[in-house]
*Asks:* 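This is the structure I have questions about; it appears just below.
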Amino acid sequence: MKAAAGKVAQLLVVMFLVSLGTFSLTSLMPGDPAVAILGDNQSPEAYAELREKLGLNEPLVERYFTWLGHVFQGDLGTSMVPPNEDVTSLIRSAFAVSIELAVLALVVALVVSIPLAMISARRPDGLLDRAASATTFGIMSVPSFVSGLVLIALLVNQLHLFPRVGWVGVTDGLGQNLYHAALPVITIALLEIPTFTRVLRGDLVRTLQEDFVLSARAKGMPAWRIMIFDAFRPSSYSLITVLGLSLAQLIGSTVIVETLFSLPGMGRLVVSSASQGNITVVQGAVLVIAACYVLINAGVDLMYSVIDPRIRRVGA
Amino acid sequence: MSRPLLHVRDLTTTFTTSRGEVVSVDRVSFDLERGQTLGIVGESGSGKSVLGRTVMGLTSTAPNATVTGSVLFDGVDITNPDKKMRAAYLGARIAMIFQDPLSSLNPVKLIGVHITETLRQHDKSISRQEARRRAIELLDTVRIPDPARRFGQYPHELSGGMRQRVGIAIALACRPQLLIADEPTTALDVTVQKHVLDLLGTLCEEQGMAMLLVSHDLGVVAGRSDKVAVMYAGRIQEEAASSDFFRHQRHPYSQALLDAKPHLENPARAELVSIPGRPPDPAHRFPGCRFAPRCRFAQDRCREEEPSLESGGIPSHGAACFYPLDAVRSTKEVSI
Amino acid sequence: MSAPEAAALAPTARPARRRRRIDLLLWFCGAWLAVLILAAITAPMLGLQEAQDAAKTLLEPVYQPPSLGSTHPLGTNALGLDMLSRIIYGARVSLTVSISAVLIGTFVGGTLGVIAGYLRGKVDRVIGTLTNTLLAVPALILLVALATVLRPSALNMALALSLVAIPGLIRVTRANTLAFAQREFVTVARALGAGRARVVFRELMPNVLLSVVPMCLVYVSALIVAEASLSFLGIGLRPPQPTWGNMIGEGLNGKMEDYPHLVYVPAAVLFLTVFSFNLLGERMRKRWDKREVSL
């Protein structure tokens with residue numbers, strides 16, 4: 001119980017530091033933030049107005065707490081760039097897209113890498129294992145914008161299987177939604193498959209050397225059954241860790257893919273805001289993404305106790 | 001005379017490793033009658049555990065293992081079982097108990113599930129409720145108190161002795177004809193060892209099961225087996241009815257093993273203090289008797305020619321020795 | 001199971017033939033990196049075609065596909081700039097920025113990690129929280145956020161990228177320090193009257209830093225990708241300064257369909273480089289792991 005309380009306290013501290021860092025982004029801007037945002041050929045009134053809006057005339061600490069107060073009420077401010085939308089609602093709609101992409105990509109990655117890892121682990125150093133290992137190692141070295149472009153060249157330009165760009169929300173029909181999500185999801189999944197496969201294969205190979213696997217074989221269980229029902233669950237700890245980290249990272253790291261396929265997600269929101277110097281949107285997005293990361297990590301810790309009965313008892 | 005339950009001839013298990021060919025089990029032959037117990041005794045590395053696993057058909061799936069010779073179970077050749085045969089025999093007609101009950105139980109599975117999955121694997125018609133009832137019954141058979149509660153617990157919640165009883169219950173699930181017990185009590189406290197061994201003996205008798213009792217400890221085998229085979233460096237060195245064997249040993253190695261017996265405080269890795277030297281490296285075979293380098297009585301012939309069980313000259317009490325102890329003693333007496 | 005039996009049941013060692021083939025791949029990767037680094041260093045002396053100034057290439061052909069014997073072996077881009085030359089000048093930027101970022105990251109992260117692992121207690125907790133904070137923001141988002149407020153110069157880029165490498169390096173050096181601090185040579189040094197600072201900097205640092213070299217190589221490749229990603233998104237180093245990322249970015253907006261070499265040439269170079277650093281790191285880790293075992 002005490003350990004859990006300490007963990008929660010640490011999470012809160014981390015969130016506090018992230019908010020502080022995010023907030024002080026404005027102070028990192030060289031020169032006058034107002035000039036940096038608006039460019040240097042505006043009227044002095046425009047600068048003054050923006051400075052007022054950013055609260056630049058108040059002391060830093062006061063500004064931080066005012067900002068934090070608003071954040072707690074779900075108000076992340078308004079966009080710096082016309083049409084000056086509400087940042088919270090901008091992020092809300094982008095977040096839905098990103099979370100869908102991330103979850104779908106993880107599902108695809110798991111569907112590919114779990115069987116792949118099992119096949120590899122059946123005969124370590126066998127032909128299939130070496131082939132899988134070489135392939136995943138190669139894929140690992142391909143940046144997502146390269147693999148995305150290659151997929152576009154192959155599947156869109158040659159085979160016309162998928163739309164090149166664009167997004168259709170789930171509300172406009174699941175079929176269309178998935179049709180537009182497919183290629184981005186595959187591109188993101190390619191990033192995750194090598195890590196998932198390697199992590200799970202390593203743990204499976206170790207588990208398969210355990211005595212309880214031998215005793216399962218002595219009970220006459222077929223090999224596939226042992227792999228799925230005996231070896232998989234005790235081998236999935238590292239995979240769960242990586243999975244949690246990936247989900248958290250993906251909410252923001254789909255930047256590239258979202259740009260490549262013109263999808264209205266968090267990544268593209270951040271990038272387009274960044275290139276316009278739209279600092280409030282960037283701050284809001286970073287804060288939301290960091291909060292997700294922290295929450296997901298806490299969730300992963302909980303997952304361990306679900307998988308392993310031994311931890312359950314110790315933790316209680 | 002009816003055919004034996006287990007008929008093993010020239011069984012050889014070879015592993016291909018980075019250090020070369022390692023012959024872990026070398027031309028081993030023995031018979032085991034129904035309902036009888038054969039004790040297989042030897043130091044660590046003598047190949048006794050590999051022998052147990054090879055009989056069970058578990059080594060032949062290792063990618064680097066080769067098994068030759070033959071294992072006839074009830075007249076059927078199960079030396080290199082295929083998938084079908086493995087499913088039909090393993091766990092159903094032949095079962096195994098392992099040395100470390102904690103590591104041989106899956107930590108994330110309930111005790112009960114270990115038993116019910118075996119039952120349902122070999123008899124698809126059993127319903128869940130029926131399997132559960134039988135599992136609790138089995139836990140009761142192996143004298144586990146409060147079996148219904150134990151059914152829903154995880155392996156780490158049980159004591160070592162209880163876990164090994166669970167291991168026995170799993171093995172008994174399908175009423176096998178042959179039980180291979182590989183160091184069943186080595187990982188247990190000395191006080192618990194006797195209980196578990198007595199339980200095994202009683203169960204074998206009740207159910208008419210034959211048992212292959214593998215141990216490094218002659219004390220475990222004594223009084224609980226009908227026949228004893230002593231293994232050294234992959235070969236059986238002496239084989240006899242228990243009553244004969246414990247009255248007098250004919251192979252110098254067997255006698256040394258018996259002299260070294262009281263090592264209860266450190267049984268698993270006990271060195272044979274009475275014999276200088278160590279067992280030979282299985283990757284480097286040499287001509288002659290394998291025990292010759294450590295044997296007090298070794299002669300020139302022992303270093304040139306390999307003895308067989310018949311070399312001892314008494315068929316009912318085989319000893320792979322050209323100068324078995326009874327003969328050595330008599331020549332000594334003559335020389336005095 | 002006894003030791004010899006366990007050894008006998010262990011998976012077969014790889015046959016010698018396979019080792020040789022792997023070495024070949026390793027040599028290839030090493031050679032590629034050597035050539036690339038050499039070319040990047042000596043770029044101004046190589047007599048390359050124009051890479052940056054479009055005013056000088058008005059008469060050059062544009063979008064020329066690669067043709068090895070010609071004056072533009074890897075082709076030209078929309079402005080008639082030579083691709084080979086841009087690749088090499090791009091390598092200068094990519095390699096300098098990412099390698100110096102890793103060096104900064106190793107220095108800062110390594111120092112913090114060793115201090116956290118050696119002193120433990122409160123200091124460890126403070127540094128641990130700092131690490132978690134940096135990790136809480138995905139690398140690319142962190143970089144984009146910083147790019148919003150920082151001028152896109154090579155120095156700023158290296159500093160921002162080092163922030164990505166620091167948390168991971170803190171964790172690994174901390175773990176390794178905990179392990180090394182148990183070793184006898186540290187106890188001996190302390191028994192001989194060495195102060196904390198001496199133990200940390202003279203005894204622990206060299207050992208710990210050596211043990212993170214493989215990880216550093218992998219970080220170099222990750223940061224090359226990160227830098228390229230930023231340039232690709234148009235918020236890293238900007239044209240006319242050539243980088244591999246903005247070269248690939250030139251292929252967007254439909255140009256890739258007509259002139260695939262705009263994308264494939266820099267993408268292939270990027271892949272080879274990243275792959276080589278990864279492979280080098282991986283092999284080194286494996287070899288050193290073995291050494292650890294034999295110790």
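In what follows, chains carry the letters A, B, and so on, assigned in the order in which the sequence lines appear, proteins first and then strands, with residues in each chain numbered from 1. What you see is a predicted model; the values in this text were computed from it and never measured.
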*Asks:* In the structure I gave you, are the side-chain heavy atoms of B/Met56 and A/Arg217 within less than 4.5 Å of one another anywhere?
*Replies:*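 Of all side-chain heavy-atom pairs linking A/Arg217 with B/Met56, none is under 4.5 Å.
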*Asks:* Is there any residue in residues 90-98 of chain B with a non-hydrogen atom under 4.5 Å from a non-hydrogen atom of chain A, and which ones are they?
*Replies:*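 Residues of residues 90-98 of chain B touching chain A at under 4.5 Å: B/Leu90, B/Gly91, B/Ile94, B/Met96, B/Phe98.
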*Asks:* Go through the atoms of B/Leu105 and report whether side chain, backbone, both or neither lie under 4.5 Å from a heavy atom of chain A.
*Replies:*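 The answer is the backbone of B/Leu105.
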*Asks:* If you compare all heavy atoms of A/Ser215 against all heavy atoms of B/Ser104, which two are closest, and at what distance to 0.1 Å?
*Replies:*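 Looking at all heavy atoms of both residues, the shortest contact is OG-O, 2.7 Å.
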*Asks:* Going by heavy atoms in the side chains, are B/Pro107 and A/Phe212 under 4.5 Å from each other?
*Replies:*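 Sidechains of A/Phe212 and B/Pro107: in contact.
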*Asks:* Report the option among B/Ile170, B/Leu110, B/Ile180, B/Asn106 that has the most heavy-atom pairs separated by less than 4.5 Å from atoms of chain A.
*Replies:*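 Max contact count across the listed options: B/Asn106.
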*Asks:* Can you name the closest pair of heavy atoms from A/Asp230 and B/Glu117 and give their distance?
*Replies:*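 Nearest pair, atom of A/Asp230 first, then B/Glu117: OD1-OE2, 4.2 Å.
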*Asks:* Just by distance, do the side chain of B/Arg86 and the backbone of A/Gly220 share a donor-acceptor pair under 3.5 Å?
*Replies:*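 Pair absent, no side-chain N/O of B/Arg86 close to backbone of A/Gly220.
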*Asks:* Can you tell me how far CE of A/Met221 sits from OG1 of B/Thr118, rounded to the nearest 0.5 angstrom?
*Replies:*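 The OG1 atom of B/Thr118 sits 4.5 Å away from the CE atom of A/Met221.
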*Asks:* Is a donor from one side chain sitting under 3.5 angstrom from an acceptor on the other, for A/Asp211 and B/Ser103?
*Replies:*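 Indeed, the side chains of A/Asp211 and B/Ser103 share at least one donor-acceptor pair under 3.5 Å.
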*Asks:* I'd like to know whether CZ of B/Arg175 has more than 12 heavy-atom contacts from other residues, nucleotides or ligands below 6.0 angstrom.
*Replies:*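 It does not: B/Arg175 CZ has 12 such atoms or fewer within range.
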*Asks:* Does A/Lys219 form a side-chain contact (heavy atoms from CB on, under 4.5 Å) with B/His114? I'd like the steps, not just the answer.
*Replies:* CA-CA 10 Å; A/Lys219 290 195 291 185; B/His114 280 92; 4.1 Å; yes
*Asks:* Sub-4.5 Å heavy-atom contacts with chain A: which residues of residues 121-143 of chain B show up?
*Replies:*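 Within residues 121-143 of chain B, the residues under 4.5 Å from chain A are B/Gln121, B/His122.
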